[in-house]
**Q** 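Mind having a look at this structure? Questions to follow.
In what follows, every chain begins at residue 1, and chains take the letters A, B, ... in the order their sequences are listed. The analysis underlying the following values was restricted to heavy atoms, covering all of them including side chains, and did not include hydrogens, waters or symmetry mates.
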Amino acid sequence: MLSSLSSVPHLLPPRENSQSSTPQSSKPDLLHNFNTPFELKQVHAHLIKTNTPLSALPLTRVSFVCALTPSFAYAQQILERVEKPEIVFWNSCLKTFAEGDSPFDTILLFYKLRQFDVFPDTFTCSFVLKACAQLLDTFNGRIVHGYVEKLGLQSNLFLQNMIVHLYALCGAIGDARLLFEKMSDRDVVTWNIMINQLVKRRDVEEAYHLFSLMPERSLRSWTSMISGFVQCGKPKEAIQLFMKMEEEGLRPNEVTAVAVLAACADLGDLDLGRRIHEYSNQSGFRRNVHISNTLIDMYLKCGCLEDARRLFDEIEERTIVSWSAMISGLAMHGQAEEALKLFSKMIQLEIKPNGVTFVALLHACSHMGMIDQGREFFASMTRDYGLIPRIEHYGCMVDLFSRAGLLQEAHEFIMNMPIKPNGVVWGALLGGCKVHKNIELAEEAIRHLSELDPLNDGYYVVLSNIYAEAECWEGTAKVRKLMKERGVKKTPGWSSITVDGMLHEFVAGDESHPEAEEIFQLWEKLLQKIKLKGYVPKTSVVLLDIDETEKEKFLYRHSEKLALTFGLMKTSSGTPIRILKNLRVCEDCHAAFKLISEIVDREIVVRDRNRFHCFKDGSCSCRDYW
DNA sequence: TTAGGGTTAG
């Protein structure tokens, strides 16, 4: 019987070690006190050597053997060698497998157990359910659920929660919800599970509905909901909820802080971001790499490149997320060379890039017109790192070619893609067509976009601008008609600026601001000055079918111009002005801002939906290539 | 011995 154990050679101590370990393993107390897999091997060697059966060990020790057993074959042998293995032994093995990376073995062993005359208990079921969740295996999950009912364990709250979690995780949200509704006792975990799963399915409204119904909420509940809002693109709601949480006297932990910082990054809320940074330092979160990474991202997205870089340099253990975030941030700020340098440094340190790193690198190349370098990165990701390009990478390549004016090459690239191009890919070509004035390819792009993303107003606007620049008024009328037919409305542009901790939002054409008069007066003065420096209003960016003077008036009420003028009114000279815009910065505003930065001798930082524009001394960090 | 929340791009 013992010989069967020696058929598991990898569990025996290595020969060179057996010499040195023999004196120790022959000590009888090790038989009662082994605590690690290595000591288990020593005990094993001893049992074999002395021809002692495993059953000679005390029962608690046998269950310990099971708990330390990382191999399915070995687990089976142990269980077969104990006369009537109690459920605790099985559970110990199942736990090891379920908590390790052997979910398949957990399920296999569960079915083996049924061959013996042993009944699963709540723990058995919980480990198997965990394995099913790991494998997203509803087939076996439903069988275990059946056992739970058959064994009369269905009222156990732990198991109910695990089953609800499993169903929701596997996409059977209807089954999960049904069970949730049927449960007579729900605890805070039950609610949290449902909320998290709804967030994963992007149903944040329903998640919030459940959140508001909760009889009691833990810090985790608040964190789940705050993070849920962030994940679903609702950072404002996330911050509102965070404020409410603080009002209720709860202090954020590391996970909450990460979610709030991510919301600050999305909103460009530097004040709150800095407050959370300070709080994190005071609370000892400094060494948490999630916190550091999110802080870096927050500073990058709030336009504070230097703060981000300082933090990045300070991190002791950088992860690929830290590197990718920093590279992407440098690219967003127009520092492509620095981004590439950082990448080389990363490779020197033998850190393996991932798909996100390459998105960042390709962005850096496309924003700076580095075509050959971009091509090389695209080839390298598969050749050197075994990464399969995803749709985002193809999108970046089309963007790279299109911006550089290689429109035919971009088109051919799309036609030869091994995956179906999406709206982003055709949208990138359309963007290039605008810069390089190619109506024919723009019309082809819009044909595809009408099918792929028919309600996205941005594409129609770009096409209309292309027609307007070519003075093809028939074309612009056609686009207007198309938008009307499809019920597509132009997203209103808005820009925001924070002055003395207060966020001020401006919508294009908005004349309702309490200080509108002063804003318009200052704008008029600035306008006179920039006109002297050669500014000519670019009325072709105005979509409306109105005369030139009216168009100019619209142009002068663009949200970023209102925000800038307000900023100049309210901040002291010398301080940089930071503006956030929901859409891409308009061409006319871009030209005007360059001149204004020179006239007022101020740094103007605009974050648009794509990147940062840092206007200084009459030029922009994007070098007009955007 | 068993359950729930986090970062980079888009």
Side-chain angles (χ1 to χ4, degrees), chain A residues 63-64 66-67 87-96 98-99 120-131 133 153 156-166 168-169 186-197 199-200 207 218-228 230-231 233 252-263 265 285 288-298 300-301 308 312 315 318-329 331-332 353-363 390-393 395-396 422-425 427 609-610:
Chain A
S63 84
F64 217 86
C66 295
I87 190 64
V88 203
F89 304 155
W90 292 96
N91 287 351
S92 300
C93 288
L94 291 167
K95 179 176 151 68
T96 310
E99 286 177 352
D121 65 4
T122 53
F123 295 102
T124 323
C125 297
S126 79
F127 299 130
V128 190
L129 286 169
K130 191 181 188 135
L153 305 172
N156 181 291
L157 190 53
F158 260 98
L159 290 180
Q160 286 180 327
N161 283 346
M162 291 191 88
I163 295 166
V164 168
H165 182 222
L166 175 70
L169 200 67
R186 302 179 194 119
D187 65 359
V188 70
V189 179
T190 327
W191 290 88
N192 289 353
I193 288 171
M194 279 310 291
I195 289 172
N196 293 328
Q197 291 305 317
V199 165
K200 272 202 187 123
S218 62
L219 178 59
R220 271 201 188 205
S221 321
W222 288 92
T223 306
S224 293
M225 202 58 242
I226 293 169
S227 159
V230 180
Q231 285 168 43
N253 66 9
E254 276 123 311
V255 186
T256 328
V258 164
V260 179
L261 284 169
F285 299 169
N288 181 318
V289 77
H290 287 280
I291 291 273
S292 312
N293 291 344
T294 321
L295 274 171
I296 290 173
D297 188 50
M298 184 276 292
L300 287 169
K301 289 188 178 151
F312 177 82
I315 307 184
R318 293 182 200 111
T319 63
I320 185 61
V321 177
S322 331
W323 290 93
S324 302
M326 198 63 222
I327 291 170
S328 153
M332 260 196 309
N354 65 13
V356 182
T357 324
F358 277 99
V359 171
L361 287 168
L362 294 174
H363 261 146
R390 291 193 310 259
I391 192 79
E392 297 93 325
H393 301 105
C396 287
N422 64 5
V424 178
V425 173
R609 63 184 292 171
N610 268 0

**Q** Over all strands shown, is A:S126 touching base, sugar-phosphate only, or nothing at heavy-atom distances under 4.0 angstrom?
**A** base
**Q** Any side-chain heavy atom of A:V260 sitting closer than 4.5 Å to one from A:V230?
**A** no
**Q** Quick one: closest heavy-atom pair of A:A331 and A:A360, and the distance?
**A** CB-O, 3.9 Å
**Q** Please state how far atom CG in A:L300 lies from atom P in B:dT7, giving the value in whole angstrom units.
**A** 16 Å
**Q** Please work out if A:E254 contacts a base, only the sugar-phosphate, or nothing of the nucleic acid, heavy-atom cut-off 4.0 Å.
**A** base
**Q** Give one of base, sugar-phosphate or nothing for A:S218, where a contact means two heavy atoms less than 4.0 Å apart.
**A** base
**Q** Using whole Å, report how far CZ of A:F312 lies from C1' of B:dT7.
**A** 14 Å
**Q** Looking only at the side chain of A:K130 (C-beta and beyond, no hydrogens), which of the listed nucleotides B:dT7, B:dA3, B:dG5 gets closest?
**A** B:dA3
**Q** Between B:dA9 atom P and A:M298 atom CE, what is the distance in whole Å?
**A** 14 Å
**Q** Between B:dT2, B:dT7, B:dT8, which one does the side chain of A:E99 approach most closely?
**A** B:dT2
**Q** Got A:V359 and A:S328 here, is their nearest side-chain heavy-atom distance under 4.5 Å?
**A** no
**Q** From the list B:dT2, B:dG5, B:dT8, which nucleotide is the closest neighbour of the side chain of A:K95?
**A** B:dT2
**Q** When all nucleic acid strands are considered with a 4.0 Å heavy-atom cut-off, which category describes A:V359: base, sugar-phosphate, or nothing?
**A** sugar-phosphate
**Q** What nucleic acid atoms does A:S227 come within less than 4.0 Å of, heavy atoms only: base, sugar-phosphate, or nothing?
**A** sugar-phosphate
**Q** Can you tell me if the side-chain N/O atoms of A:K301 get under 4.0 Å from OP1 or OP2 in B:dT7?
**A** no
**Q** Is a donor-acceptor pair below 3.5 Å formed from side chain A:N253 to base B:dG5, judging by atom type as modelled?
**A** yes
**Q** Choose from B:dG6, B:dT7, B:dT8 the nucleotide whose nearest atom is closest to any side-chain atom of A:V255.
**A** B:dG6
**Q** Could you list the residues that satisfy ring pair (Phe, Tyr, Trp, His ring centres under 6.0 Å) with A:F312, not counting sequence neighbours?
**A** A:W323
**Q** Nearest-Å distance, CG (A:N354) to P (B:dT7)?
**A** 14 Å
**Q** Got a sec, which residues hit salt bridge (Lys or Arg N to Asp or Glu O under 4.0 Å) with A:K95, two or more places apart in sequence or on another chain?
**A** A:E99
**Q** Between A:F123 and B:dT2, do the rings stack, that is, sit under 5.5 Å apart with planes less than 30° off each other?
**A** no
**Q** Determine: side-chain N/O of A:Q231 to OP1/OP2 of B:dG6, distance under 4.0 Å, yes or no.
**A** yes
**Q** Does a distance-only test, which skips hydrogens and angles, find a donor-acceptor pair under 3.5 Å between the side chain of A:S224 and the base of B:dG5?
**A** no
**Q** Would you state whether a donor and an acceptor, one from the side chain of A:S324 and one from the base of B:dT8, lie under 3.5 Å apart?
**A** yes
**Q** When we call it a touch if two heavy atoms are under 4.0 Å apart, what does A:D297 touch: a base, just sugar-phosphate, or nothing?
**A** sugar-phosphate
**Q** At under 4.0 Å between heavy atoms, what does A:R318 touch on the DNA or RNA strands: base, sugar-phosphate, or nothing?
**A** nothing
